[in-house]
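Since the structure comes first, as structure tokens, the remarks are kept for the end.
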Amino acid sequence: MNATSLTSILIWLPIAGAILIWVLPLSRYATGSLALLFSLAEVGFWIEQAARFDFSRSGLQMAERASWFGDLGVSYHVGVYGFSLWLVGLTVVAMAACTGYGFWVGRDRSRAYFGLMLLLTGATVGVFESQDLLVFYAFFEAMLIPLYVLIGVWGGARRMEATIKFVIYTMAGSLLMLAAIVVYGLQAGTFDLVDGPVSASRWLFLGFMVAFVIKAPLFPFHGWLPDAYREAPPEVSAVLSGVIAKAGLYGMLRIAIAKFPDPTSFYRTTVLALAAAALVYGSLLAFRATDFRGVVAYSSLAQSGLIALGLFAGTDLGFDGAVLQMVAHGLISTSLFLIAGAVERRTTTGEFRLLGGMARGRPALATLLMTVGIISLAVPGSASFAGEFLILAGVFQRAWWWSAIGAGAIVLAAMYMLRLISAVLHEARGSTVADEALDLRPGELALVVPLVAGLLFLSAWPAGISHHSFFGQSPAATVKGQFK
Amino acid sequence: MPGPDVAWYVAVAAVLFGIGALGVLIRRNTLVVLLSLELMLNAGNLALIALARHWHNGAGQIFALAVMAIAASEVCVGLGLVVALNRRRLSLDVDTLSELRG
Amino acid sequence: MTLHTTPIDWFGLGTVFALTGASFLALLCAVLVPRAVRRLAAASISAAGFTAGLVLSIWLYVDSKHGHTIVAGAFYRDRWTALGQVILCGIGLATTLVAFEHVPGWGRGADLARRDDHVAEFFALLLASAAGMTFFVGAGNLMTLFLSLEWFSIALYVMCAIDYDLERALEAGLKYLIVGSFGAGALLFGSALVYGATGTISFAGIADRVASQGLTGDTFLVTGIALIVAGLGFKMSAAPFHMWTPDVYEGAPTTVTAWMSSATKVAALLLAFRLMTTAFPHDGRLWGWAFAIVATASLAIGNFAALVQRNVKRILAYSSISHAGFMLIALSAGSALGGRALMYYLVPYSAMAFGSFAIVAARERELGVPVTLDNLAGFGWERPFLGVAMWFFMFGFAGLPLGGGFVGKFYVFAAAYRHGWVWLVIVGVLATLVSLYYYLGIVRAMYMRPSEELQVQPGGSVAVSGGAPAPETLLHVAVGAALAVSFGSLFAVQPLIELARHAASALPL
Amino acid sequence: MTGGSWLCLLAPLGGTILITLCGTRIPRLAAAWIATTSVFVAFGGAVWTFVEMQSRQPRSRSEITTAWTWLQSGNFHAGLQLLVDPLSAVMMLIVSGVGGLIVLYSIGYMDGDDEERRYFAYIAFFVFSMLLLVEGGNLLLLLVGWGLVGLSSYLLIGFWHERPSAVQAAKKAFVMNAFGDATMALAFFILIAHTHSLDFGANFNVHLSSTAENLVALGLLGGAAAKSAQIPLQTWLPDAMEGPTPVSALIHAATMVTAGVYLIARTHPIFEQARTVELIAAGTGALTLLVAGLIALVQVDIKRVIAYSTMSQIGYMFLGAGVGAYANGMFHLLTHAFFKALLFMTAGLAIHALAGEQDIRNMRGLGRLMPFTKWCFLVGALALVGIPPFSGFFSKDSIVASAAALGTWYGWIFWVCGIAGAFLTGLYTFRLWFLVFPGEPSPFVREHYHDHHGREGAWTMLVPVGVLALLATVGGWLQWSPRWHPFTDWLAPAAQTLAVAAPTNTQEYYTSAATVIAGLAGIALAWAIYSEQTIAVPAAPFWRRTLEHKFWFDELYDAVFYKPAVALTNGLRREFEEPVVLQTGPDLGETTLATGSLVRRIQTGLLRTYVLFLAAGAAGVVLAFLIAK
Amino acid sequence: MILASAGNVLVWIVWVVAAFSCLGSAVAVISFSNPFFSALALIGNLGSLAVMYLLLSAEFVAAAQVLVYAGAVVVMFLFVIAYVGPRHETPWSGGPGWQTIGAVLAAGALLVEIVVAVGMQASGSLSHDDRVGAAFGTPAWVGRVFLVDHLLAFEITSVVLLIAAVGGVILGAHTKRAS
């Protein structure tokens with residue numbers, strides 16, 4: 001199999017799997033295993049892709065291109081850059097873990113469920129790989145379709161409001177992006193992201209940014225976030241904050257910043273301000289949130305802000321740090337939500353006042369939650385420390401106060417994450433924590449441990465990503481040069 | 001054969017059209033509404049024939065003839081509905097036929 | 001005296017003849033074929049007729065590279081016509097499949113003896129209306145336009161009321177008839193005025209006269225155009241000429257609604273595009289703006305009103321109004337791109353509209369009552385295939401990239417932008433946003449309710465036919481076809497656009 | 001030489017990983033011994049390094065070894081690299097040596113705790129982090145170690161996680177250190193912005209604008225103060241005594257808390273370019289040593305007394321390093337590691353024997369039952385006060401002398417503070433001594449005392465105490481500045497003492513005299529008050545309360561930082577998040593639906609209305625056309 | 001000459017009478033409360049229209065008008081009216097208040113607009129000319145035009161009529177249906 005076809009395989013394999021699962025009348029168990037098989041195959045193919053990716057070569061790699069409809073210059077054009085490679089990896093790994101979680105907890109209506117999970121996988125990979133604006137938009141929207149049903153059917157008590165709110169919020173942004181895409185594409189004569197020229201139009205920039213800041217999200221566009229993260233089934237929340245949110249940030253990097261250099265510098269301060277606001281605001285609210293998922297939800301808001309800070313710093317360190325942090329935080333929040341799900345399965349709640357003292361007698365749970373939590377608060381030496389350090393060092397070169405704010409927010413991060421850890425694991429035993437509530441079972445370990453292992457590996461060698469995301473010595477120059 | 005300008009005929013047609021429209025708008029009896037529709041079609045016919053005279057080509061007259069047939073068909077179906085309604089012991093008052101709304 | 005009768009290009013009218021002939025045959029069934037097999041016979045004739053029509057119109061498409069008028073300029077034989085006929089015949093075929101199991105008369109309830117009354121006539125009318133539409137899309141002058149309009153309109157009036165035991169059916173029929181005749185009256189008077197201004201009724205002739213005699217902006221002409229716009233606006237059910245739509249769609253038998261909502265729009269929009277661009281190119285500014293405004297109104301009213309409906313048929317009716325608005329955007333652009341956009345949009349749209357109404361029909365039948373958001377609960381789990389299909393159509397309507405609706409919207413916006421109307425793009429975008437709420441609402445009703453709310457046992461059915469549930473195989477086939485079309489049109493954009501381009505090239509753009 | 005350093009660094013990490021992976025599959029004792037062995041292996045590595053370094057010329061005693069590029073971006077890259085030079089060698093020896101003894105000690109101390117394995121994993125991890133801190137070959141790696149020791153200190157303070165107080169103390173410690181980390185990080189950002197690098201060399205030989213230099217130095221000082229519990233970031237240390245006593249001995253006395261001193265010595269070129277800031281560091285030390293000494297006077301928890309004395313002794317080290325006498329600061333760090341660990345461990349013996357009792361008012365007369373403990377504690381106390389020939393004497397006095405060597409007005413202020421500190425040290429140390437050990441055992445003691453198989457503790461506990469007692473006695477003889485100073489010479493290539501801070505012998509002599517007299521005076525006063533009761537403690541209720549409230553630092557921070565933050569957040573959530581951010585979407589939705597029902601109203605169901613709309617529409621279009629044509 | 005002018009006057013008189021009776025009867029159609037009278041009034045309207053067709057030299061159409069309309073359509077009306085029985089209903093009544101106002105406004109607007117349009121046009125292209133062939137409007141001529149120029153229209157009307165008949169049968173003539 002030649003390398004280029006890997007790109008398309010990664011997109012269409014899970015979608016084919018979804019259709020297969022919908023068609024085949026299999027038992028729940030068989031369906032789950034089949035879905036798991038597909039998502040593991042995805043991981044395998046991605047490893048193959050990463051192995052074949054040539055980091056010493058510039059420009060797009062493993063590109064495939066076929067005209068979709070020519071009269072408007074729209075083509076099915078997919079390929080990977082360094083940073084998209086990492087995000088695809090994050091996607092397939094996280095989705096595999098979450099699919100496994102769904103299998104482990106035995107979701108009912110399994111055929112629908114697993115089909116949608118696979119569909120989501122394909123769509124998300126598509127977002128990170130597509131190199132044509134309309135294809136990008138198509139996948140960007142396609143992610144919503146399974147999410148809407150996944151939250152609405154398998155979610156919590158207030159799932160319906162949550163899911164409608166989520167979809168309409170995000171569509172509000174992305175539809176404006178569609179308008180912007182139409183205008184950009186017809187002006188440029190092509191919708192191709194690689195050949196497309198840069199544009200100086202501030203309106204188009206804003207049109208794109210609206211979609212991305214809602215998806216990421218940045219303050220104050222996160223109205224959908226708390227409900228969605230609380231009401232969705234844990235594995236879906238994991239995907240949402242771990243992977244889907246990254247699509248918005250990826251969009252900022254790949255489209256908003258790369259294609260609109262002048263507007264970017266014009267609105268830089270504004271966006272940086274929004275990002276910083278998201279960082280501080282999210283950290284503060286996470287610090288006062290009263291439940292497990294609430295903390296993680298608002299911390300994801302803060303993290304989105306941090307990453308946006310790095311992206312819009314527009315400096316070498318900023319870009320590298322942002323990509324690194326995207327991957328790191330993706331793994332972190334995925335594992336955190338999965339652990340949250342495990343806790344809720346045992347105690348039926350995520351409310352702090354009902355939890356506590358779970359560390360005693362549950363070493364695996366304690367160790368994993370402790371490890372992930374500590375990595376997520378960016379203790380020096382961890383992957384997320386590396387990411388945040390680069391981001392803040394990068395934005396420092398823009399103006400010192402951004403990194404001052406960031407540093408302050410990191411202290412806040414320590415406060416809310418330690419609060420989370422001790423509220424769940426430490427002090428007196430919570431009223432809902434029964435002795436029978438077991439430690440993590442092997443099945444759950446098999447899902448979370450690989451993610452944590454990945455995090456530890458990144459902690460040992462963050463340069464593995466930070467130095468392999470953009471070709472050349474200066475990421476800023478690479479971005480400016482359209483990744484050529 | 002000199003006589004009033006074509007414009008006068010068309011004007012009459014216009015007025016007739018307006019009267020027919022008014023009839024449809026202010027009458028509740030299905031039958032009268034159908035009659036008013038006939039008036040509107042006839043207004044169209046008059047205009048067509050007058051203008052056919054003006055351009056003295058046949059299209060207008062043929063059009064008018066065809067319209068007569070059409071009018072007849074509409075009446076046929078319309079009256080059929082009236083009969084059906086009547087057989088269902090329903091009022092022929094169009095205002096009472098408002099089960100479907102909103 | 002010798003009479004030089006006009007030469008008739010029989011083949012050029014092949015589709016129309018096929019359908020009309022089939023219609024007559026079906027009518028004969030009503031008297032010649034015993035009741036026991038009448039439904040089967042009539043349905044088979046109808047299917048055969050539509051298939052023949054399909055084949056012929058495809059053949060016509062291939063064979064009519066250079067479009068021209070036939071039979072003394074009464075009819076256009078070109079690819080625009082042929083493609084429209086292909087779409088119409090396709091819908092007709094699907095309608096036949098659904099109708100075989102559904103129409104007329106679930107309204108007549110359990111009285112089996114009378115379910116098959118007028119079944120033959122129904123198919124005859126279906127074929128007749130289809131014939132009328134296939135003629136309508138090719139109409140070459142104002143007279144044939146008016147006549148063919150009445151042709152299928154009258155057939156539709158009767159079809160709406162064919163469940164004449166139901167008051168709502170009669171009400172729908174009467175409303176449709178009266179409002180329709182009023183619209184026809186306006187159209188007629190408008191044609192008269194245009195005729196008066198130019199002295200001819202053939203589309204091309206009008207344009208020539210206007211050009212040669214500098215009639216642009218002539219009082220009669222513009223007044224006539226205005227009245228014609230109103231008359232056609234009624235047929236497309238575009239606001240503010242839309243008011244009849246929800247009521248008629250709700251009252252008519254659902255199969256008929258499916259047929260109307262998809263086929264009528266195809267015919268009306270294609271004809272309108274041809275008429276405006278062929279006959280009135282010089283007043284493009286006027287009707288362009290008019291249709292833009294009408295489009296905006298339709299988008300606004302259709303979507304807003306749909307938000308607060310409970311009855312699914314009404315929701316879909318309003319959604320069809322809003323989609324008329326989308327397609328009118330393409331029409332108002334009046335460019336070659338607009339023509340392509342319109343032609344493309346119609347394919348997934350009609351598939352989705354037909355499919356969704358067909359699904360409603362199935363639900364209606366198993367419940368025996370009108371379908372509302374409440375009694376739709378659990379449908380998705382009870383009828384997996386139909387549920388998924390509905391899910392599909394709803395997301396497709398909403399413009400999510402699950403079907404061709406997405407590309408259609410994109411094309412329409414592109415046409416509007418090329419025409420320099422960014423504001424129209426924004427309007428469309430906002431309308432889409434609003435529409436999400438009710439489309440998602442239907443999906444929510446189908447899937448996201450607790451199972452206790454299930455209406456019937458999965459696989460079960462409220463016995464229309466007394467015994468076991470009807471398998472409704474044909475309906476599933478039809479829905480599957482609609483699904484295939486709306487899904488396939490997402491991937492097969494290029495070929496479809498090629499067809500549309502050739503079709504549009506027949507128009508003087 | 002580098003081999004030794006790697007071995008030294010990785011052995012404890014290996015221990016941690018081994019224990020974690022084995023989990024509950026190995027007996028507790030096994031875990032304990034794995035940890036102990038790993039740390040002693042590390043000590044072996046340190047010795048190896050030291051010996052190799054010994055054999056080299058002073059100029060060539062510094063070597064950097066890189067494993068791989070840890071973090072890289074653009075033209076900035078920081079390797080995973082170790083720097084071995086005299087300074088780090090000393091620290092390696094202290095950390096792994098004292099650490100080894102303390103881990104050994106905790107085998108006995110932690111015996112019977114049902115989460116022993118976790119304890120030993122943590123403590124081995126701490127040793128690893130501390131070694132990473134002192135061996136780190138560039139500023140980034142130093143920061144990594146810096147953060148990791150903070151982390152392990154958090155883990156160990158909160159080891160008994162059912163105790164809310166312990167968890168709170170752990171969080172407090174971590175957050176305050178995170179603040180220090182943040183200021184250091186900011187300092188590093190400045191360096192990166194200027195030099196695109198965090199290598200020691202690149203940043204030590206570069207000359208930045210004085211503002212930049214001062215900011216960098218301030219940032220580093222913030223980190224140092226947080227880690228070493230210097231004012232104003234000192235409040236976490238006393239609470240940290242919630243942790244097990246060996247932890248207090250190792251982390252909060254011997255090694256981690258003194259890292260600030262190491263940092264100043266390590267980055268002295270930066271500080272020297274920002275001399276003002278360096279002197280501020282010295283001032284901080286001076287202030288802290290007084291304040292801590294005063295607070296120690298009124299504490300009743302045996303470990304807290306020692307904790308405050310730790311703060312005060314680190315104050316001395318800061319003073320020394322601040323004025324530029326890095327070697328003296330480091331030397332005091334060394335001796336302090338011996339005697340303070342000794343004090344904590346003897347206190348631990350007492351606590352262990354009294355089943356966890358820590359209130360010195362209940363301990364009277366313990367010495368009768370625990371003679372070994374008693375004498376060892378006395379050694380530590382004398383070393384602490386700085387009575388010759390015990391180690392404290394040699395190191396402390398030279399620091400005060402260097403202050404005098406400055407000769408400037410602030411130099412003399414520092415000098416006075418040093419002397420006063422010596423007096424306070426004598427006072428609070430022997431207050432402790434007289435309250436706990438001499439005299440008849442109190443009923444409480446008799447009731448709760450239990451020995452360990454007839455001994456005062458398990459041999460694993462007694463042996464380290466003995467060794468440290470020896471070291472606390474002789475450790476200081478390594479250098480007596482007026483006469484011989486091998487330690488200073490050894491450190492010279494890494495951290496050359498500033499000329500201005502090099503005291504003359506006379507200064508050395510009279511300073512020594514003064515400190516010893518002050519110390520003895522303190523001891524005498526303690527004897528008079530707590531042993532003979534000839535002098536009564538002055539009531540001075542205000543001052544007493546002030547000291548008991550530790551000068552109200554906690555209350556201050558609570559009121560200035562924590563409470564406002566909480567109020568702000570609650571306000572944001574109530575006034576902004578819920579009503580605005582979360583509600584806007586639904587509100588818009590409501591409005592839309594309202595519009596919908598409005599539109600719906602025109603659909604009256606009346607046929608004539610429909611016709612009316614059609615007619616009106618037609619009329620409208622006609623009118624529009626007639627106008628627009 | 002005089003005859004001609006007299007002919008002119010005569011034409012004018014006939015026209016005026018026809019026009020007024022046409023409009024008058026139209027008004028009557030929509031204002032009688034009894035549909036039966038309305039139907040009768042329609043006959044008058046059709047008749048006067050037929051006269052105008054004659055003036056416009058459309059003999060055949062005039063004849064057809066009388067035959068088809070007066071002879072067929074209206075008769076059909078009358079039958080149905082007799083069948084469903086008299087149903088009295090006064091104009092301007094019922095419906096929401098704004099319905100009536102809107103009705104007048106809309107219908108009035110249409111009327112005025114078109115009349116204005118006619119007026120604007122009358123000065124221009126709608127000037128009268130009398131040079132029209134003698135054959136114009138004769139049945140033979142009409143037949144020729146029908147079969148030569150507008151064959152399809154002819155066919156279509158037949159189809160439409162058939163459909164309408166079928167529809168009428170389905171809707172109107174259902175036996176044993178009254179359930």
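Note that this is a predicted model, so its numbers are computed, not measured. Reminder, nothing fancy here: chain letters follow the sequence lines and each chain counts from 1.
Here B:A52 is the residue among B:G78, B:A66, B:A52, B:G80 with the most heavy-atom pairs under 4.5 Å with chain C. Listed options C:I201, C:V308, C:L174 were ranked by heavy-atom pairs under 4.5 angstrom with chain B; first place goes to C:L174. Annotation: maximal heavy-atom pairing with chain B below 4.5 Å, among C:R168, C:K175, C:E250, C:Q309, occurs at C:R168. Contacts with chain B were tallied for C:E150, C:M243, C:R314; C:R314 has the most, counting heavy-atom pairs under 4.5 Å. Contacts with chain C were tallied for B:N45, B:V33, B:N57; B:N57 has the most, counting heavy-atom pairs under 4.5 Å. When the candidates C:G185, C:S181, C:G173, C:P246 are compared by the number of heavy-atom contacts under 4.5 Å with chain B, C:S181 comes out ahead.
Only the side chain of B:T30 comes within contact range of chain C, with heavy atoms under 4.5 Å apart. Within the 4.5 angstrom heavy-atom criterion, no atom of C:S202 approaches chain B. Within the 4.5 angstrom heavy-atom criterion, no atom of C:T223 approaches chain B. Looking at B:A71, there are no atoms closer than 4.5 Å to chain C (heavy atoms on both sides), in backbone or side chain. Heavy-atom distances place no part of B:A69 under 4.5 Å from chain C, backbone and side chain included. With a 4.5 Å cut-off on non-hydrogen atoms, B:L46 does not touch chain C at all. Contact annotation for C:A305: neither backbone nor side-chain heavy atoms come within less than 4.5 Å of a heavy atom of chain B. Of the atoms belonging to B:A64, not a single heavy atom falls under 4.5 Å from chain C. Heavy atoms closer than 4.5 Å to chain B are found in the side chain of C:L188, but not in its backbone.
When side chains are defined from C-beta on, B:V67 does not count as touching C:L147, because their heavy atoms never get closer than 4.5 Å. At least one side-chain heavy atom of C:F220 sits under 4.5 Å from a side-chain heavy atom of B:L51.
Of all the heavy atoms in B:F63 and C:S191, the pair that sits closest is CE1-CB, 4.1 Å. The heavy-atom pair separating C:A192 from B:G44 by the smallest distance is CB-O, 4.3 Å.
Remark: side-chain polar atoms of B:R88 are not paired, donor with acceptor, to backbone N or O of C:L166 under 3.5 angstrom. Of the possible donor and acceptor atoms, none in the side chain of B:W55 sits under 3.5 Å from a partner among the backbone N and O of C:T200. Between the C:E171 side chain and the B:L100 main chain, a donor and an acceptor come within less than 3.5 Å of each other. No side-chain donor-acceptor contact under 3.5 Å links C:Y164 to the backbone of B:A84.
Atoms CG and CG, on C:L170 and B:N86 in that order, are 11.5 Å from each other to the nearest 0.5 Å. Note that CZ of C:F189 and CG of B:L41 are 11.5 Å apart. Values are rounded to the nearest 0.5 Å. Summarising the geometry, atom OG belonging to B:S73 is positioned 11.0 Å from atom OH belonging to C:Y157; distances are rounded to the nearest 0.5 Å.
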Residues B:L37, C:L177; criterion side-chain contact (heavy atoms from CB on, under 4.5 Å); working and verdict: CA-CA 10 Å; B:L37 289 170; C:L177 171 82; 5.9 Å; no

